[in-house]
K.L.:
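Shown below is the structure under consideration.
Just so it is clear: chains get the letters A, B, ... in the order the sequence lines come, proteins before strands, and each one is counted from 1. All figures in this text were calculated on a predicted structure; none of them were measured in a lab.
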Amino acid sequence: MSFNQNASLIFSRIAQMLELLGSDRFRVNAANKASRELKALTADLEPLARAEDTKALTTHDGIGKGTAAKLIELAQSGTISEHDELATRVPAGLMEVLSIPGLGPKTVKLMWDDLKIESIADLKSEIDKGTVADLPRMGAKTIENITAAIQFMESSGDRLHLGLAMPIANRIIEYMQSIQGTIKAQYAGSLRRGEETIGDIDILIATTDPDAARDAFTTIQGVTRILASGETKSSIRYAISTENQRFKDLAVPAEIQIDLRIVPDESWGAALAYFTGSKDHNVALRKAALKQGMTLNEYGLFQSKDPEGTPIACHTEEAIYIALNLEPVAPPMRQDRGELALKEHLPLIELTDIKADLHTHTTDSDGKLSLEESATIARDRDFHTLAITDHSQSSAIANGLKPDRLRKQIKAIHDFNNSFEGLHIIAGSEVDILVDGSLDYDDDLLNELDIVVASPHAGLRAKPKQATKRLLKAICHPSVHILGHPTGRLIQRRAGLEPDITELIAAAVEHDVALEINSHWMRLDLRDTHVRAAVEAGCKIAINCDVHNASDYDNIIYGILTAQRGWLTPDQCINAWDHDRLHTWLKSKR
DNA sequence: GCCGTTTTCGGCCCGACTGTTTTCAGTCG
């Protein structure tokens, strides 16, 4: 694990332990903020910490003198004494109790103090004994809810992949739109921000018939439990169908929580902004409002002195940003990572900008589409270019092509292209980057290809230094256009490589190689923070679907959301370039 | 613990829902 990730985990645990010890909530917030900042940072802080460079460390948001000193201590001794000291006072199992939905620090501390509950197992046994019911404010209903929450947690430990949550949300939106009285329906929350995994789904609706909406929502097919059903908020647990055969080996939670918020149509924009978050972005937005003598809540932006009066802005999200003298911020960018400091409009990449897919497989290797089927789909999507990039010879399991098969395929693709109207199809390969960093075909054959996507597939547990060296070697190869799914991670399943991303980006800029955002929701690799660093360095980015079957083309939305989280503009994305610009660049490497 | 164009101290976002009370504490987002 990298220094930043390790530090992020430690600060997150410090925050939890402080909370359980009843510490000042602002100190808890500060530790959490430092943890999030460290998690999102691309630049490795270890060298700065080793050099005891407090000044450089504290340039990062949320890292002050205190946190900097702890980072220095971590770099020097491998541990933070505050954490170790807290850990002697707070049992490890108590943190798990705290993670049960509905149980907060106050209740957990009470259980710990009065009943010596130090783990989920303790909690279960005390509930069975009936002792928990003796605690203050602990009625039968609360205990039943805790029992259900433990069960929910045990069956749904992991978060849901973006690509699995989105179709569920879309189905529910469609259903809610069919209910009498619905004016608008839209998902918000982490799903709208395009986070790689989703904890729960937030749905907003404006309606003339709130009762009908609430009744429809809480009785929707798949509801396993109703958690809340109020005037403006309803909350359900929803069973996730596992009909998806393709990913039957994927550990998918059995249920997900879905919240429905019924909001007045006139405050739609304020509500959408509020429930889209992120929490940090909202806090920053509210602070900006307060500074300008205004106050912001989910009903609108108001004059501070007249919070009950007519709102200054409320109908649309844009109106709120504009009234605050801020550039409107696209949902995926709302992370409180500098987006409110933007002084001019950022032409963020959109779905409609994508005019080419440069990483697709056919039946020649492990794809399910023929060349013609894939080409037809690409043309229907108004693409101008499609690259066929089947696997290379070492990927035996994926039916990788030996040199003679590849040469035949190149000719077949060029012939097909001559007879196919309305789309330029080029011959490429997704060439394995072997463990030593060399490529899986000789240089002559690589030069015969119109495009080379070099990707790591095996040896994904290598040490960071070795991984960096391996990927750098591939980037420096003169025939390579794109570094495909650079880390090889699979979300919630495989960590993949942990190369020094800053070094890779610098090399990619120097050697004019594009780094790929692989749009498959299992990969999203590059991830959002890597994209942001690459964008800042002026690196070219590719957004590809790694197509194996027809529905994979639809995954492009997840790649776009990830790109937007990294502030990518169409000018820096080779898939958004027009035909001539793209092909001039491709040929520049031949 | 962090932060600052009202700045080195004194704040730190704000409302809904539940379950337990009988006016509100705790949790969540």
Side-chain angles (χ1 to χ4, degrees), chain A residues 11 14-15 18-19 22-37 57-71 80 82 98-111 133 135-146 148-149 188-193 198-204 214 226-236 257-264 267 270-302 304 307-308 334 336 341:
Chain A
F11 279 106
I14 288 177
L18 287 173
E19 224 176 353
S23 171
D24 168 22
R25 69 191 165 98
F26 298 112
R27 277 185 67 190
V28 175
N29 272 350
N32 271 322
K33 176 148 193 178
S35 167
R36 282 194 303 271
E37 182 69 17
L57 288 170
T58 53
T59 58
H60 296 286
D61 203 27
I63 299 178
K65 267 190 185 162
T67 305
K70 285 168 206 167
L71 288 171
I80 295 176
E82 183 191 15
L98 186 60
S99 70
I100 296 171
L103 282 190
K106 295 268 166 52
T107 315
V108 175
K109 185 167 190 308
L110 182 70
M111 291 172 164
L135 295 172
R137 306 187 58 85
M138 219 21 104
K141 186 77 190 162
T142 303
I143 290 177
E144 193 213 320
N145 286 343
I146 294 171
S190 52
L191 185 60
R192 186 161 180 247
R193 299 198 308 275
I198 306 300
D200 56 20
I201 297 175
D202 296 295
I203 310 266
L204 243 65
R214 179 168 59 174
I226 299 169
L227 300 167
S229 179
E231 290 279 301
T232 65
K233 177 188 168 181
S234 295
S235 209
I236 58 170
Q257 181 170 327
I258 308 179
D259 296 340
L260 180 77
R261 313 281 183 161
I262 299 173
V263 307
S267 48
L272 193 54
Y274 182 80
F275 289 112
T276 295
S278 66
K279 198 175 167 180
D280 289 338
H281 178 85
N282 283 354
V283 169
L285 211 53
R286 280 166 187 246
K287 279 184 185 164
L290 284 176
K291 208 176 274 179
Q292 297 176 59
M294 295 178 263
T295 177
L296 179 64
N297 60 28
E298 56 261 57
Y299 299 106
L301 180 67
F302 302 87
S304 290
E308 304 288 315
R334 298 180 195 167
D336 191 26

K.L.:
Expressed in whole Å, how much space separates the C1' atoms belonging to B/dG11 and B/dA16?
P.N.:
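Roughly 25 Å separates the two C1' atoms.
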K.L.:
Does OP1 or OP2 of B/dC13 have a side-chain N or O of A/T295 closer than 4.0 Å?
P.N.:
no
K.L.:
Rounded to whole Å, how long is the line connecting atom CG of A/N29 with atom C1' of B/dC3?
P.N.:
13 Å
K.L.:
Taking the P atom in each of B/dT6 and B/dC2, what is the distance between them to the nearest angstrom?
P.N.:
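Going atom to atom, P in each nucleotide, I get 24 Å.
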K.L.:
What nucleic acid atoms does A/A149 come within less than 4.0 Å of, heavy atoms only: base, sugar-phosphate, or nothing?
P.N.:
nothing
K.L.:
In whole Å, what is the span from the CG atom of A/L71 to the C1' atom of B/dC2?
P.N.:
14 Å
K.L.:
Students often get this wrong, so: under 4.0 angstrom with heavy atoms, is A/K279 touching a base, only sugar-phosphate, or nothing?
P.N.:
base
K.L.:
Please pick, from B/dG1, B/dC14, B/dG15, the nucleotide with the shortest atom-to-atom distance to any side-chain atom of A/K70.
P.N.:
B/dG1
K.L.:
Can you check the distance between B/dT27 and B/dC13, where both ends of the measurement are the C1' atom (answer in whole Å)?
P.N.:
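Here B/dT27 and B/dC13 have their C1' atoms 16 Å from each other.
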K.L.:
Would you say A/N145 reaches B/dG19's phosphate, i.e. side-chain N/O to OP1/OP2 under 4.0 Å?
P.N.:
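Yes, because at least one side-chain N or O of A/N145 sits under 4.0 Å from OP1 or OP2 of B/dG19.
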K.L.:
State the pairing partner of B/dT8; accept Watson-Crick or G-U wobble contacts with both distances under 3.5 Å, and report none otherwise.
P.N.:
none
K.L.:
Is a donor-acceptor contact shorter than 3.5 angstrom present between the side chain of A/Y274 and the base of B/dG29?
P.N.:
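Yes.
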K.L.:
Would you tell me if any nitrogen or oxygen in the side chain of A/T232 comes within less than 4.0 Å of OP1 or OP2 on B/dG15?
P.N.:
no
K.L.:
Can you confirm whether A/L110 sits close enough to A/L135 that some side-chain heavy atom of one is under 4.5 Å from a side-chain heavy atom of the other?
P.N.:
yes
K.L.:
To the nearest Å, how far apart are A/M111 CE and B/dT27 C1'?
P.N.:
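Result: 13 Å.
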K.L.:
Which whole-number value in Å describes the distance from A/K106 NZ to B/dC28 C1'?
P.N.:
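One finds 14 Å between C1' of B/dC28 and NZ of A/K106, rounded.
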K.L.:
Given B/dT18, B/dC14, B/dG26, identify the nucleotide with an atom nearest to the side chain of A/R286.
P.N.:
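So the side chain of A/R286 is nearest to B/dC14.
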K.L.:
Tell me, do A/L301 and A/Q292 make a side-chain contact under 4.5 Å, heavy atoms counted?
P.N.:
no
K.L.:
Hey, does A/N282 have a side-chain heavy atom less than 4.5 Å from the side chain of A/R334?
P.N.:
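A/R334 vs A/N282: side chains apart.
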K.L.:
Please pick, from B/dG29, B/dA16, B/dG26, the nucleotide with the shortest atom-to-atom distance to any side-chain atom of A/T107.
P.N.:
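Minimum distance to the A/T107 side chain belongs to B/dG26.
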K.L.:
Under a 4.5 Å cut-off applied to non-hydrogen side-chain atoms, are A/T276 and A/R193 in contact?
P.N.:
yes
K.L.:
Could you please name the option among B/dT20, B/dC17, B/dA16 that lies closest to any side-chain atom of A/A228?
P.N.:
B/dC17
K.L.:
So do the side chains of A/N297 and A/Y274 get within less than 4.5 Å of each other, counting heavy atoms only?
P.N.:
no
K.L.:
When we call it a touch if two heavy atoms are under 4.0 Å apart, what does A/P101 touch: a base, just sugar-phosphate, or nothing?
P.N.:
sugar-phosphate
K.L.:
Would A/Q257 and A/S235 count as having a side-chain donor-acceptor pair, cut-off 3.5 Å?
P.N.:
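Looking only at side-chain atoms, A/S235 and A/Q257 do form a donor-acceptor pair, the distance falling under 3.5 Å.
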K.L.:
Between B/dC3, B/dA16, B/dC13, spot the one nearest the side chain of A/K287, thanks.
P.N.:
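Closest of the options to the side chain of A/K287: B/dC13.
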K.L.:
If I take atom CG in residue A/L103 and atom P in nucleotide B/dG26, what distance separates them, rounded to the nearest angstrom?
P.N.:
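To the nearest whole Å, that distance equals 13 Å.
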K.L.:
Between A/Q257 and A/N282, which residue's closest nucleotide on DNA chain B lies nearer the 5′ terminus?
P.N.:
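Counting from the 5' end, the first nearest nucleotide belongs to A/N282.
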K.L.:
Could you tell me the separation between the CZ atom of A/R25 and the P atom of B/dA25, rounded to a whole number of Å?
P.N.:
14 Å
K.L.:
Between B/dA16, B/dG19, B/dC13, spot the one nearest the side chain of A/K141, thanks.
P.N.:
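Output: B/dG19.
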K.L.:
Considering only heavy atoms from C-beta outward, does the side chain of A/T107 approach that of A/M138 to under 4.5 Å?
P.N.:
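Answer yes - side chains close enough.
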K.L.:
Within the side chain of A/R214, is there an N or O that forms a donor-acceptor pair under 3.5 Å with the backbone of A/G230?
P.N.:
yes
K.L.:
NA contact type, A/K33, heavy-atom cut-off 4.0 Å: base, sugar-phosphate, or nothing?
P.N.:
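If one applies the 4.0 Å heavy-atom cut-off, A/K33 turns out to touch nothing in the nucleic acid.
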K.L.:
Expressed in whole Å, how much space separates the C1' atoms belonging to B/dT23 and B/dC17?
P.N.:
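Each nucleotide's C1' atom is 16 Å from the other's.
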K.L.:
Of all the choices, B/dT20, B/dC17, B/dG15, which nucleotide is nearest to the side chain of A/E231 once you look at every atom?
P.N.:
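Selected nucleotide: B/dC17.
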K.L.:
Answer with base, sugar-phosphate or nothing: what part of the nucleic acid does A/T67 contact at a heavy-atom distance below 4.0 Å?
P.N.:
sugar-phosphate
K.L.:
Counting only side-chain heavy atoms from C-beta out, which of B/dG15, B/dA25, B/dC13 sits nearest to A/Y299?
P.N.:
B/dG15
K.L.:
What nucleotide among B/dT27, B/dA16, B/dC14 has an atom nearest to a side-chain atom of A/L290?
P.N.:
B/dC14
K.L.:
OP1 or OP2 of B/dT20 sitting under 4.0 Å from any side-chain N/O of A/T142?
P.N.:
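So the side-chain polar atoms of A/T142 do come within 4.0 Å of the phosphate oxygens OP1 or OP2 of B/dT20, strictly under.
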K.L.:
Please tell me which of A/D61 and A/D202 maps to the more 5' nucleotide of DNA chain B, matching each residue to the nucleotide holding its nearest heavy atom.
P.N.:
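Mapping each residue to its closest nucleotide by heavy atoms, the 5'-most match is A/D61.
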K.L.:
Between B/dT20 and B/dG15, how far is it from one P atom to the other, in whole Å?
P.N.:
26 Å
K.L.:
If you compare every side-chain N and O of A/N297 against the phosphate oxygens of B/dG15 (OP1, OP2), does one of them come in below 4.0 Å?
P.N.:
yes
K.L.:
Write down the distance between CD1 (A/I262) and C1' (B/dC17), rounded to a whole number of angstrom.
P.N.:
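Going from CD1 in A/I262 over to C1' in B/dC17 covers 13 Å.
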K.L.:
Given atom CZ of A/R27 and atom C1' of B/dG10, what is their separation to the nearest angstrom?
P.N.:
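Nearest whole value for this atom pair: 17 Å.
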